[in-house]
Amino acid sequence: MTDLDVFITGLPKAELHLHIEGSLEPELMFALARRNGVALAYPDVEAVRAAYAFSNLQDFLDIYYAGAAVLLTARDFHDLAMAYFDRAAADGVVHAEIMFDPQTHTARGVPFCAVIEGLVSAMAEAKTRHGMTSALIMCFLRHLSEADAFAVLEEAGPWLPKITAVGLDSSELGHPPQKFARVFAAAREHGLKLVAHAGEEGPPEYVIAALDVLHVDRIDHGNRALEDAGLVARLVASGMTLTVCPLSNLKLCVVGNLIDHPIDAMLREGLKATVNSDDPAYFGGYVADNYRAVAKARSLTRDDLAQLARNSFTGSFLPSAAIAANCARLDAYLGS
Ligand code: HPA
Ligand code: ZN
């Protein structure tokens, strides 16, 4: 470990773009498959890892949805989330906003309440065990219909006090934000925050639609916004947070090489970029690995890394007093 590696691990940070289903490590996948009597398409953990070579988002999604088939009970979701919280705590994460995809589970007959009860109980345990705060982002699968998304929002009704935001994930191309304008408006009426994946594979127009049609509070990814100077200026002026995921970008071929990753270009432009892991079990690293990978590839300075960590707090959905407390904690770390 170099001094910079140690600095990055200890940097207090929030993770704002993490799919809890994407934190399912092959070892836990096999353990849950055994516990639940679910057959897997792979003979062992090594074969699963060997299958994780993707040339685009859809390649990944096909394997990711198949892996989620081992998750059946509230205990499974609890164990999944605790494994993530323990790992994230070791990476200096003090606050995590975690996405989950109810439709991936309810389509297999898993009750919505099993998913959310397991996640909520793990969130309470993460607070006790690590002092870590967390929030839930319920995502709609964009390859499914608007009616399906409305059904999820309806089913979530009794649980809305436990849910902070809704999001939009899955296959981006061909499923523009406009498809979900009405369900996002309804979510906003419920007082939920709004996020959407945009500009990962989709064009800058999808980012513009996420802003103008969905009225999002945050953009997940947003890489392709850089193709439109007017859009960049608008994102800078509005202080819009981008939840950037460098190792995901590499694995899904959004960038050909981390040497070409735009994270520092985003900071220089004044964009409020953050660094996150997206689906760490599939993309080869948790959040500190993502910080380290771009620090090395793009020669980021300690000031750059501190700015990314600060953006993760100011871009979070925490109340302003908690944001201030986390920024003070970051300042204390930087001053130490
Ligand atoms: N993009 C879209 N959908 C997803 C992703 C992603 O990076 N990860 C999990 N679902
Ligand atoms: Zn994502």
Side-chain angles (χ1 to χ4, degrees), residues 14-25 29 52-69 71 77 80-81 84 88 96-105 107 115 119 135-144 148-149 152 165-177 179-180 193-203 206-207 209-210 214 216-225 241-255 261 263 273-287 289-290 312 315:
E15 176 145 61
L16 305 181
H17 186 159
L18 175 281
H19 302 263
I20 200 64
E21 295 90 348
S23 72
L24 177 61
E25 291 287 351
M29 192 188 290
Y52 293 175
F54 317 112
S55 39
N56 55 39
L57 174 60
Q58 194 60 50
D59 268 5
F60 154 69
L61 290 170
D62 293 342
I63 286 197
Y64 160 86
Y65 294 133
L71 298 162
F77 286 93
L80 172 70
Y84 165 71
E97 300 191 350
I98 62 177
M99 302 185 193
F100 70 110
D101 288 338
Q103 289 155 298
T104 300
H105 313 300
V115 180
L119 297 178
L136 280 178
I137 302 174
M138 180 176 79
C139 289
F140 304 118
L141 297 181
R142 68 201 300 158
H143 67 275
L144 300 178
D148 290 337
V152 175
V166 297
L168 192 59
D169 64 3
S170 187
S171 321
E172 187 180 6
L173 288 170
H175 301 285
K179 188 173 160 185
F180 297 94
K193 299 280 190 188
L194 310 175
V195 303
H197 284 55
E200 181 184 21
E201 287 189 341
Y206 282 27
V207 178
L214 300 185
V216 293
D217 297 288
R218 222 156 57 197
I219 296 281
D220 293 315
H221 295 295
N223 300 52
R224 291 196 60 194
T241 299
L242 305 183
T243 64
V244 183
C245 306
L247 290 173
S248 165
N249 293 161
L250 179 66
K251 287 285 186 174
L252 301 186
C253 306
V254 170
V255 296
H261 197 277
I263 192 73
T274 61
V275 164
N276 309 272
S277 67
D278 207 2
D279 300 283
Y282 291 86
F283 300 148
Y286 286 77
V287 68
D289 300 311
N290 276 269
S312 75

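Each ligand, and each atom within it, is numbered from 1 in the order the structure gives. Hydrogens, waters and symmetry mates play no part in the numbers below; they use all other heavy atoms, side chains included. Predicted model, so just to flag it, every value in this text is computed and none were measured.
- At a 4.0 Å cut-off, not a single heavy atom of M99 sits close enough to ligand 1 to count as contact.
- Taking each heavy atom of F77 and L119 in turn, the nearest pair found is O-CD2, 3.9 Å.
- Side-chain atoms of S277 and N290 form no donor-acceptor pair, as typed in the model, at a separation below 3.5 Å.
- Looking only at distances, a side-chain donor or acceptor of H197 sits under 3.5 Å from a matching main-chain atom of L168.
- Counting the atoms of ligand 1 from 1 in the order shown, those under 4.0 Å from a heavy atom of F60 are 8 (N), 9 (C).
- Not one N or O of D101 is nearer than 3.5 Å to an N or O of ligand 1, by distance alone.
- Given atom 8 (N) of ligand 1, the protein heavy atom at minimum distance is D279 OD2, 2.7 Å.
- Listed by chain and number, H17 NE2, H19 NE2, H197 NE2, D278 OD1 are the protein N/O/S atoms closer than 2.8 Å to the Zn ion (ligand 2), with waters left out.
- D279 and Y52 are not linked by any side-chain donor-acceptor pair at a separation below 3.5 angstrom, with hydrogens and angles left out of the test.
- Ring geometry, H143 versus H175: the interplanar angle exceeds 60°, so the pair is classed perpendicular (tilted spans 30 to 60°).
- The proximity of D220 to ligand 1, defined as any non-hydrogen pair under 4.0 Å, does not occur for either the backbone or the side chain.
- Here D278 contributes atom CG and L18 contributes atom CG; the two are 8.0 Å apart, rounded to the nearest 0.5 Å.
- The two residues Q103 and C139 make their nearest non-hydrogen contact at OE1-O, 4.0 Å.
- Between H17 and ligand 1, a contact under 3.5 Å exists for no N or O pair.
- Of all protein heavy atoms, the one lying nearest to atom 1 (N) of ligand 1 is E200 OE1, 2.8 Å.
- Counting heavy atoms closer than 4.0 Å to ligand 1, residue E172 contributes nothing at all.
- Each of the atoms 6 (C), 7 (O), 8 (N) of ligand 1 lies under 4.0 Å from some heavy atom of D278.
- Closest approach of Y282 and F54 over heavy atoms only: O-CE1, 3.7 Å.
- Ranking the protein heavy atoms by distance from atom 10 (N) of ligand 1 puts H19 CE1, 3.6 Å first.
- Side chain of D220 to backbone of T243: no donor-acceptor contact under 3.5 angstrom is found.
- Residue contacts with ligand 1 for E21 are absent, since no atom lies close enough (heavy atoms, distance under 4.0 Å).
- Between F140 and F180, the ring planes lie parallel to each other; the angle is under 30°, not in the 30° to 60° tilted range.
- Counted by atom type alone, Y64 and T104 present zero donor-acceptor pairs between their side chains at under 3.5 Å.
- Of the listed options G22, S170, C245, S170 places a heavy atom closest to atom 2 (C) of ligand 1.
- Using a cut-off of 4.0 Å between Lys/Arg side-chain N and Asp/Glu carboxylate O, K193 and E97 are scored as not salt-bridged.
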